[in-house]
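Whatever order the structure lists ligands and atoms in, that order sets their numbers, starting from 1. For the numbers below, each heavy atom of this structure counts, side chains included, while hydrogens, waters and symmetry mates do not.
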Amino acid sequence: MAAVLLLSLVAVLSCALDGAILARAAVVDPNIKVFNVLTFGAKPDGKKESTMAFMKAWNAACHYPGKARMVIPYGTFLVGQVIFQGPCAGPPPMVVQFQGTVKAVTDIDAYPSPEWFMFDTINGLLLTGGGTLDGQGGDDWKYNDCSQNNDCQLMPANVKFNGIQNGQIRRINSVNSKAFHFQINKCQNFGVRRLNVSAPETSPNTDGIHISESNSVRISNTVIGTGDDCISVGQGSTNITISRVRCGPGHGISIGSLGKYPDEKDVTGVIVRNCTLTNTDNGVRIKTWPGSPPSLAKGFLFEDIIMENVRNPIIINQQYCASSSCSTKEVTDVHFRDIRGTSASKVAVNIACSSALPCQNIELFNINLQSTTPNLLFQPSTCSNVKLGFSGIQIPPPCVVSKS
Ligand SMILES: *[C@@H]1O[C@H](CO)[C@@H](O)[C@H](O)[C@H]1NC(C)=O
Ligand SMILES: *[C@@H]1O[C@H](CO)[C@@H](O)[C@H](O)[C@H]1NC(C)=O
Ligand SMILES: *[C@@H]1O[C@H](CO)[C@@H](O)[C@H](O)[C@H]1NC(C)=O
């Protein structure tokens with residue numbers, strides 16, 4: 001009880017803190033110049049489009065040579081594509097105080113590139129304030145055929161961060177994106193905290209957070225329920241930490257898919273810790289495709305993870321391959337430690353590696369996964385083409401490693 005109280009106290013304090021930091025900055029620092037979208041003509045009625053007002057407010061704030069803050073106040077704004085282009089002139093960080101609700105224009109032709117908001121090439125960015133991004137994806141999901149059609153039109157992500165150094169997003173809600181909610185690409189030293197991300201279980205490609213070609217990204221204290229991956233870590237990502245995230249529904253936390261496109265870079269150093277997955281398709285997954293030039297997926301720790309009715313709690317899938325195009329992704333040094341809860345299928349642990357390039361140094365330590373359905377015939381871990389070590393508790397029982 002005391003612990004619970006303490007935890008909620010900490011939550012309240014840190015909640016108050018975000019606001020307090022902003023408020024204090026405004027009070028203490030008379031040099032901060034505020035750029036409110038209302039001043040630039042935005043209409044908080046949810047009907048009249050405010051795209052130009054948002055662009056003008058950003059451009060004025062970003063080009064201001066002193067400390068600047070863009071403010072999106074309470075109210076509902078209808079907005080099309082906005083590129084928050086940097087670099088900015090003032091001292092970092094550029095602050096975007098986002099309190100209201102912003103709704104995306106529904107006409108797909110209003111998005112010349114696949115993002116609704118894009119923050120581009122900025123050193124020092126803070127986006128916070130408790131506001132809500134509503135992608136209004138509902139009408140567009142039925143046109144999404146990207147699972148069958150490689151030339152499909154990419155729908156816009158709610159927010160893409162591209163080339164941001166020293167970025168922070170805190171306390172932002174994102175609902176019903178047309179495709180990805182948040183995309184973090186080519187970013188360095190990027191912190192994500194206290195997001196609430198949601199879209200229906202049936203909505204296509206609504207990944208919560210997708211990371212690619214980024215270094216030193218931390219995601220914590222976040223709730224994500226969508227129709228696709230909760231968090232996916234794509235090619236070229238290094239030093240990624242994901243902690244205290246709740247996922248579900250959706251497809252779980254995924255490294256990959258890797259190897260779908262040519263010239264992909266390595267993925268190294270990913271820690272996923274203290275996360276809970278509820279009613280997801282996968283728990284923690286590493287997935288590679290056959291073909292493409294060789295690259296490395298190395299150094300992953302999945303620790304203290306709770307699975308609640310998850311279809312494939314632990315899964316490595318180096319896609320089945322014809323002899324000509326086996327996976328050339330090397331998967332090595334992967335540790336699954338203290339993973340517990342329930343599995344919705346009878347195969348709770350499934351490590352399927354490629355015969356051309358077996359997985360190396362995979363560890364399972366203290367795995368305790370029971371079947372959700374009583375009396376379901378629960379199978380031992382299944383595995384192929386892998387150097388695997390078991391220790392501690394093992395439920396389901398370890399597989400017999402085939403020595404191929
Ligand atoms: C997250 O957002 C959903 C949908 O908007 C809402 O129902 C839920 O209460 C929110 N959760 C938290 C923890 O704020
Ligand atoms: C990894 O990221 C953390 C912050 O998340 C940072 O403090 C640390 O220096 C990074 N390490 C490397 C080797 O980049
Ligand atoms: C992570 O989970 C473990 C086991 O549930 C718990 O002992 C530990 O305190 C948690 N750590 C944090 C930082 O929440």
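With values rounded to the nearest 0.5 angstrom, Leu301 atom CG is found 11.5 Å from Asp333 atom CG. One distance of note links CD1 of Ile242 with CD1 of Ile271; it measures 10.0 Å at 0.5 Å rounding.
Remark: atom 9 (O) of ligand 1 lies closer than 4.0 Å to no protein heavy atom.
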Verdict with supporting geometry, Phe98 and Thr128, side chain to side chain contact (heavy atoms under 4.5 Å, CB included): CA-CA 6 Å; Phe98 171 32; Thr128 187; over 6 Å; no
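Atoms of ligand 2 lying under 4.0 Å from any heavy atom of Asn239, numbered from 1 in the order shown and given with element: 1 (C), 2 (O), 3 (C), 8 (C), 10 (C), 11 (N), 12 (C), 14 (O).
Nearest heavy atoms, Asn239 versus Ser216: ND2-OG, 2.9 Å.
Considering backbone and side-chain N/O atoms, Ser216 comes within less than 3.5 Å of an N/O atom of ligand 2.
Of the candidates Ser174, Ser198, Gly130, it is Ser198 that places a heavy atom closest to atom 4 (C) of ligand 1.
At the top of the distance list for atom 5 (O) of ligand 1, counting protein heavy atoms only, stands Val175 CG1, 3.8 Å. Looking at atom 11 (N) of ligand 1, its nearest protein heavy atom turns out to be Asn196 ND2, 2.7 Å.
In the model, Glu330 has no side-chain atom that pairs as donor or acceptor with a side-chain atom of Gln360 under 3.5 Å.
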